[in-house]
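A quick write-up on the structure given underneath.
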Amino acid sequence: MRLIERTFNGAKGFDMRRREPEDRRDQLLHAALATLSETGIEAFTLAAVARRADVSPALIVHYFQDRDSLVEAVFRMLVERVTTRPLRALEADAAPEARLRAFVLEHLNPGELSSEASRAWLSFWGLALHVPALARLQRVHQERMISNLKHVLRSLVQPHEVNRLAETIGALIDGFWLRTALSSGWKAEAQIPVDWIFDLIDREIAHARLPAGARATRAVDTSFKTINPATGEALATIRIDGQAEIDKAVAKAAAAQRDWARTTGAERGRILNRAAQLLVEQNERLARLETQDTGKPIQETIAVDVLSGADCIEYFAGLARTIAGEHHDLGPGAFGYTRREPLGVVAGIGAWNYPIQIACWKSAPALACGNAMIFKPAELTPLTAIELERIYRDAGLPDGLFQVVQGKAETGQMLSRHPGIAKISLTGEVGTGKKVMADAAATLKLVTLELGGKSALIVFEDANLDEAVSGALLANFYSAGEVCTNGTRVFVHRSIRDAFLAKLKARTEAMIIGDPLDPKTQMGALISQDHMQRVLHYIELGKQQGATLLTGGQRFMTGACAHGAFVAPTIFTDCTDDMAIVREEIFGPVMSVLTFDDEDEVVARSNATDLGLAAGIFTQDLTRAHRVIAALEAGTCWINTYNITPIELPFGGNKQSGLGRENGTAAIAFFTQLKSVYVAMERIDAPY
Ligand code: NAD
């Protein structure tokens, strides 16, 4: 028996007519959906549909008999449309949690919610109260959803909790749909209830979870495979660390850290310098491994990923001996001083886009300041952190001071919640940052959060056009667009728009996409097939919401790319500030070009987002450059370039793009704590 049923067979109408010429029928159904969404059910007539489809009403009658049958057929189409992707998510070969999340996420898919479907859906709910055929259709749809939810929940929670949770999640999905439809479609604020729904599901499942032994165990629960996204080839199987391993790692780190904290900065610096040297010597091999694990072109990983990590370790090796407190003169009878002390055991949790660089950016300041670090790389890119652990050991770092643990969100959560860990430094999505902060709150851990962005790149009318085009290309297509600081909202002054677009299009179309290991390749694969689907989905949204596709816009499957997660570099023009592609982080090679007329306007539009990671401007006007940069709400800014992040400059986000800073001397403050000491030099003047 199939556990997941796909269609709604047996009723009159849709399935019987599948034998009719499909194209024509689909065309009429889409015209009917558009009419229904525009006019509402009251004014919905066969004649209105015929007018929109530019056919005679007789043709509609030929296909659908009468208005009621047409309405029913539209709703069958809608039901199929909104259930196809969730069902696919449930059938995926993944852990039950992941399938449940994907199922819910697909039901809350902004593409459907922002479309005409949501308005037509409203009519459907209203009509189902009075039309028995539609009531039945609605009931079947809801029962199917609940039954699919129960199916996946059975392998996650205790039997007596299955029904309650399935009904709750079903009600949340329906409620969210209804609310979104009533408020005329998806808006960015809708992400807040979506995040909340996921938090609730996580919490409920945590309470109702099956005891470990009773859980349906799949290989993915104890290990996972890391895949080369350019080829689909499995590179390694990685064991997932659970609570016991984390506890062991924390205990070992704490023991090692006590001695490490007593070493001088100079001693720590010498070991870090050796590690930096080893990274440089092994650059080629490590870059190759990084390319295989991430899909990024070797011309990037060999020039940037490993070497920028080494640069960071070398920088903090130098700073280690400068870490110091302050002396305060408090008059002849006293003085005070501060000690800058390590925090203890800290944890780093990495994202998948710059795996070894992130591991270095977190571990180097942590170790230089006298801490021990437990590092969890992203599950999609677990390999180079293991190499970094070995390199630190070879450089002479005492055992336990840098340990790599592996796993997914649950392993990360064990770190955020662990009472023996003093601080979490996370690089990841905004939603993950909120969860980590909430988990860290239980033990009042410090957090540094390097999160997502939707940054603006502004090209003024006096900009050097070729340079600005170079900047826009680097800001969108480097690492296939998987860079947190990317300037994906490219604001171009109206007077230079056409010239800018002509150059941009020509240079984008000349980019070499291909095998990431080929040194000529300029753009490689995205991190995974799933992520590619997400990026393609945004591209569809861009088209649906009225942006003009200048180039790209589809999966890239030529030659060596046939089976990999490649997407052609994509540029949309005629974008408006409210489009999903302009508001939400896509994290792929998708650029949105917008036009502006004056400085105040572009600053206000650039700042009109909850995120504030980065921003860039191109202009020859020195005064304007600094004035605009001062007005932009972003943590990292560039003038006449983009995406350069030297280790000397603090790096991090404003607003919801993050908390705290990495790099620069600023990072020292985030891996140490101050102790203030008052020293009395005279007798105590006690009044008692
Ligand atoms: P993600 O948030 O899905 O995962 C990041 C890490 O957090 C992974 O190791 C993951 O296993 C872990 N994790 C997930 N849920 C967790 C939880 N509840 N508790 C603890 N750990 C958890 O992000 P991603 O998909 O790996 O990376 C892409 C995101 O990272 C993008 O949003 C990008 O903008 C952001 N990013 C930011 C920076 C920056 O410096 N600001 C740099 C790179 C990437």
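Since we're looking at a predicted model, the values are computed, not measured. All values below were derived from every heavy atom in this structure, side-chain atoms included, with hydrogens, water molecules and symmetry-related copies excluded. One-based numbering, in listed order, for ligands and for the atoms of each.
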Strictly below 4.0 Å, N to O, side chains only: are [X] and [Y] in salt-bridge contact?
| X | Y | result |
| --- | --- | --- |
| D439 | R417 | yes |
| K434 | D199 | no |
| K408 | E97 | no |
| E245 | K248 | no |
| K296 | D305 | yes |
| K454 | E584 | no |

Where on [X] is there a heavy atom closer than 4.0 Å to ligand 1, on the side chain, on the backbone, on both, or on neither?
| X | answer |
| --- | --- |
| V483 | neither |
| T427 | both |
| V430 | neither |
| Y354 | neither |
| L451 | backbone |
| E585 | side chain |

Considering heavy atoms of the protein only, find what lies nearest to [atom] and give residue, atom and distance to 0.1 Å.
| atom | answer |
| --- | --- |
| atom 9 (O) of ligand 1 | G350 O, 2.7 Å |
| atom 18 (N) of ligand 1 | K435 CD, 3.8 Å |
| atom 28 (C) of ligand 1 | F587 CE2, 3.7 Å |
| atom 2 (O) of ligand 1 | T432 OG1, 2.5 Å |
| atom 17 (C) of ligand 1 | A409 O, 3.9 Å |
| atom 35 (C) of ligand 1 | G428 O, 3.2 Å |
| atom 26 (O) of ligand 1 | W352 CD1, 2.9 Å |

For the residue pair W638 and Y642, categorise the inter-ring angle as parallel (less than 30°), tilted (30 to 60°) or perpendicular (more than 60°). tilted
Which atoms from ligand 1 have a heavy atom of K376 less than 4.0 Å away? 8 (C), 9 (O), 10 (C), 11 (O)
Quick check on the 6.0 Å ring-centre criterion: do W352 and F587 meet it? yes
Please tell me whether W361 and Y354 form a close aromatic pair, meaning their ring centres lie under 6.0 Å apart.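 For W361 and Y354, the ring centres are not under 6.0 Å apart.
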Has D202 got any heavy atom lying under 4.0 angstrom from an atom of ligand 1?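 False for this residue.
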I'd like to check whether [X] has a polar contact with ligand 1, where a contact means an N/O of the residue lying under 3.5 Å from an N/O of the ligand.
| X | value |
| --- | --- |
| E429 | yes |
| E379 | yes |
| D439 | no |

Atom pair CD1 (I313) and CG (L272), whose distance is rounded to the nearest 0.5 Å: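 I313 CD1 to L272 CG: 7.0 Å, rounded to 0.5 Å.
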Identify which one of V345, V447, L446, N371 satisfies the side chain to side chain contact (heavy atoms under 4.5 Å, CB included) criterion when paired with K423.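 The side chain to side chain contact (heavy atoms under 4.5 Å, CB included) with K423 is passed solely by L446 among V345, V447, L446, N371.
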